[in-house]
K.L.:
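Have a look at this one before I ask anything.
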Amino acid sequence: MPLPSSIVILTGAGISAESGLGTFRDKDGIWTKYPLEDLATPEGFARNPDFVHGFYNDRRRQLKTARPHAGHEAIARLQTACEAEGREFLLVTQNVDNLHEQAGSTNVVHMHGELTQIRCMACHAVMEWHEDIGREVPCPSCSEAGYLRPHIVWFGEMPLEMDRISLALSHCSLFISIGTSGAVYPAAGFVQEALYAGAKTVELNLEPSENAHVFSESQYGPASEILPGWVERLIA
Ligand code: OAD
């Protein structure tokens, strides 16, 4: 069987769970231990920037030793196979880690931002950054101190690159959702957009997500175990 003409993949925290990065809503998930409204909203950052910087500094440090697993690598193989056959392929992730890139994926859309980038609220520059940030750190672009923030999309803010995502969804023939609970919009609505385009929809997750009933095919288990075989069958 030829590869589908246009594939869109959406990943969430579940794809990175086996690399040691926590998910958000599972038992022991990040939002069961920390208040979301304090750590993932602009209002929380305005109230207590040191607390928010500390949380993302810890996550940035944790990322330095995190490595991708067989599931990330399978997605990168699928991209290579699609591009070799002239198929369209777009990987959209809600994750702020860089494990897809470490595994070899390219042109990844990080709709919720990236841990390894910072943004200056004074000059609006977005810059690559791998160290801790704090209120005392001057912006490398405009030299103002006290204006740097993680380049993370918080609740109440607009996700990034929505035009590019919508365009890909509007003509995709296969949509695959991996490791996401389907609890956060707009990402949770992508499956519906893919359905409107007539796409086949597949869910690969540890357990049925909130959207499970919408998918035409599903397979449940850890991403590192189910993805390699699923991708090999598609490529073959
Ligand atoms: P969630 O924590 O809401 O969901 C993670 C999903 O991954 C759950 O459905 C799990 O069953 C599944 N899962 C866990 N371990 C897995 C594994 N080993 N293999 C496969 N699946 C596994 O995370 P997201 O859906 O990514 O946004 O959350 C969406 C957004 O909410 C995040 O981007 C983040 C968060 O608040 C912001 O911070 C703005």
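Ligands are counted one by one from 1 in listed order, and the atoms in each one are counted from 1 as well.
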K.L.:
Any chain of hydrophobic side-chain contacts (each under 4.5 Å) joining L10 to L195?
P.N.:
yes
K.L.:
So does E157 pair up with R149, basic N to acidic O under 4.0 Å?
P.N.:
yes
K.L.:
What does the N/O contact table under 3.5 Å look like for ligand 1?
P.N.:
| unit_1 | atom_1 | unit_2 | atom_2 | d |
| --- | --- | --- | --- | --- |
| ligand 1 | 2 (O) | F24 | N | 2.6 |
| ligand 1 | 2 (O) | R25 | N | 2.8 |
| ligand 1 | 3 (O) | R25 | NH1 | 2.7 |
| ligand 1 | 3 (O) | S181 | OG | 2.6 |
| ligand 1 | 4 (O) | S181 | N | 3.4 |
| ligand 1 | 7 (O) | G179 | O | 3.3 |
| ligand 1 | 9 (O) | N205 | ND2 | 2.9 |
| ligand 1 | 18 (N) | E18 | OE2 | 2.9 |
| ligand 1 | 19 (N) | A223 | N | 2.9 |
| ligand 1 | 21 (N) | L206 | N | 3.1 |
| ligand 1 | 25 (O) | T180 | OG1 | 2.6 |
| ligand 1 | 25 (O) | S181 | N | 2.9 |
| ligand 1 | 25 (O) | S181 | OG | 3.4 |
| ligand 1 | 26 (O) | A13 | N | 2.8 |
| ligand 1 | 28 (O) | R25 | NH1 | 3.2 |
| ligand 1 | 31 (O) | R25 | NH1 | 3.0 |
| ligand 1 | 31 (O) | R25 | NH2 | 3.2 |
| ligand 1 | 33 (O) | Q94 | O | 3.2 |
| ligand 1 | 33 (O) | H112 | ND1 | 2.8 |
| ligand 1 | 36 (O) | R25 | NH2 | 3.4 |
| ligand 1 | 36 (O) | W31 | NE1 | 2.7 |

K.L.:
Evaluate the side-chain contact (heavy atoms from CB on, under 4.5 Å) criterion for residues F51 and F45: first the C-alpha distance (whole Å), next the side-chain angles of each, then the deciding distance (0.1 Å), finally the verdict.
P.N.:
CA-CA 8 Å; F51 182 53; F45 184 59; over 6 Å; no
K.L.:
Identify the residue among H100, E161, E101 that makes a side chain to side chain donor-acceptor pair (under 3.5 Å) with H110.
P.N.:
E101
K.L.:
Could you list all the side chain to side chain donor-acceptor pair (under 3.5 Å) pairs where at least one residue sits in residues 112-126, not counting sequence neighbours?
P.N.:
R119-H151
K.L.:
I'd like to know if the side chain of D26 pairs up with that of T23 as donor and acceptor (distance under 3.5 Å, no hydrogens or angles considered).
P.N.:
yes
